[in-house]
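Here the structure is laid out as structure tokens; the discussion comes afterwards.
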Amino acid sequence: MIKFLDIQRITASFEPQLSAEVQRVVSSGWYLLGEEVAKFEQAFAEYCDSTHCVGVANGLDALTLILMAWREMYGWDEGDEVIVPANTYIASILSISRAGLTPVLCEPDEENALMDATQFPRLMTLRTRAIMPVHLYGQVCDMDAIRTFARQHGLKVVEDCAQAHGALHRGTRVGALGDAAAFSFYPGKNLGALGDGGAVVTSDRLLARIVRKLANYGSQEKYVHLSKGINSRLDEVQAAVLSVKLARLDADNDRRRQIARRYIRQMTNPLVRTPHVSSWLGHVFHLFTVRCERRDELQKHLAEKGVQTLIHYPIPPHKQEAYAEWSHLSLPITERIHREVLSLPISPVMTNDEVQCVIDAVNSFE
Ligand SMILES: *Cc1c(COP(=O)(O)O)cnc(C)c1O
């Protein structure tokens with residue numbers, strides 16, 4: 001059986017260094033707010049072509065903290081609006097709600113499933129404050145169009161980079177393409193910890209300082225609380241793990257691209273549409289997502305051939321009970337994408353034989 005993602009094999013590929021680093025931090029007796037996090041923050045900010053990185057507990061917190069900080073800095077009111085893709089993982093949208101702001105759903109581009117800036121004029125109101133592009137599946141959004149619109153209307157841009165560590169846009173990394181960026185280090189991401197983790201990346205020094213404060217109970221000085229913050233930290237063990245894995249991220253992303261290239265070239269089944277790639281360096285293939293009108297049959301066929309697949313995502317956010325207030329909304333592009341997508345196995349540790357097996361399985365679907 002070819003697993004959708006063999007995390008055990010990924011972890012093993014970093015041994016023995018990974019366990020040695022974990023053991024070193026365990027022995028040190030220092031587990032939070034220490035040197036390992038500071039070291040990783042600096043390395044990751046540099047990796048992202050940016051200047052500041054704040055390690056936090058997870059990707060959802062990273063997004064939420066950026067929005068909380070902007071509310072504090074700019075006095076945004078409760079219910080002010082943030083434009084977000086309608087077809088993203090629900091965490092992007094939850095972060096907006098959690099910060100006391102209102103998510104405004106944006107239909108994606110039909111071809112690449114990414115944020116479509118031509119929709120913005122229709123969605124803008126007097127209360128729009130920010131845009132949240134999501135580099136979905138690992139592919140960079142059309143940041144030129146998004147930034148131009150944001151600049152013209154005085155909006156902030158927060159990148160959701162949870163699926164796109166290391167992707168490039170005209171030679172610059174994601175994380176440095178907007179005013180701030182959020183990353184997740186959930187184990188299955190391209191840069192994954194051995195548990196939860198996340199980071200805020202920005203070149204805005206004041207924003208970084210306020211995020212750090214809000215993530216530390218609203219405190220910059222022990223027992224002095226300036227705002228109603230939360231507790232959201234990246235821990236020392238995870239930071240040490242991430243430092244080891246960061247060193248191989250570019251090579252891992254190259255291997256993902258190499259597999260994707262083979263998939264795209266060799267999957268010739270007319271019933272299955274492989275992804276549209278506008279720039280190879282702009283895609284790190286966190287997911288290799290194909291489209292098929294008979295998606296459920298394709299998934300069953302692949303399972304019978306021993307290929308495990310997943311659906312990202314089966315239910316669109318506006319059809320979730322959590323957002324019952326949107327149940328009347330009709331978003332045809334988003335809904336069609338959710339009906340048709342299927343994610344195939346892709347990871348830096350897949351063998352060429354496994355890649356060939358997936359290709360043959362897809363091509364044999366009738
Ligand atoms: C994984 C993910 C998140 C959330 O990250 P967590 O660390 O799981 O909180 C946010 N946005 C997108 C697009 C994601 O894929």
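Indexing begins at 1, ligand by ligand and atom by atom, following the structure's order. Predicted model, so just to flag it, every value in this text is computed and none were measured.
- Near Ala91, meaning under 4.0 Å from one of its heavy atoms, ligand 1 places the atoms 3 (C), 4 (C), 10 (C).
- Residue-ligand proximity, Val134 to ligand 1, at heavy-atom distances under 4.0 Å covers atoms 13 (C).
- Using modelled atom types, one finds no donor on one side chain facing an acceptor on the other under 3.5 Å when comparing Thr351 with Asp353.
- His286 does not count as a contact of ligand 1, since none of its heavy atoms falls under 4.0 Å from the ligand.
- For the residue pair Thr11 / Glu15, no side-chain donor-acceptor distance below 3.5 Å is found, with atom types taken as modelled.
- When Ala57, Gly59, Ala162, Ser92 are checked for heavy-atom proximity to atom 3 (C) of ligand 1, Ala162 turns out nearest.
- Remark: ligand 1 atoms within the under-4.0 Å shell around heavy atoms of Leu60 are 4 (C), 5 (O), 6 (P), 9 (O).
- Looking at atom 1 (C) of ligand 1, its nearest protein heavy atom turns out to be Lys189 NZ, 1.7 Å.
- At a 3.5 angstrom cut-off on N or O pairs, Thr88 does not count as close to ligand 1.
- A cation-pi arrangement is absent between Arg257 and Trp280, since the terminal nitrogen or guanidinium carbon is not both under 6.0 Å from the aromatic centre and inside a 45° cone about the axis.
- Side-chain contact, Asn190 with Asp252: no donor N or O sits under 3.5 Å from an acceptor N or O.
- Among the atoms of Asp196, none of the N or O lies under 3.5 angstrom from an N or O of ligand 1.
- With His312 as the fixed residue, the ring-ring contact (aromatic ring centres under 6.0 Å, His included) test singles out one of Tyr89, Phe288, Phe4, Tyr137: Phe4.
- Judged purely by distance below 3.5 Å, without hydrogens or angles, the side chains of Arg248 and Ser13 pair a donor atom with an acceptor atom.
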Item checked: Steps toward side-chain hydrogen bond (donor to acceptor under 3.5 Å, both in side chains) verdict (Gln356, Asn352) -> CA-CA 6 Å; Gln356 194 58 52; Asn352 289 336; over 6 Å; no
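- For ligand 1, the polar-atom distance check against Ser184 finds a nitrogen or oxygen pair separated by under 3.5 Å.
- Of all the heavy atoms of Asp160, the ones lying under 4.0 Å from any atom of ligand 1 belong exclusively to the side chain.
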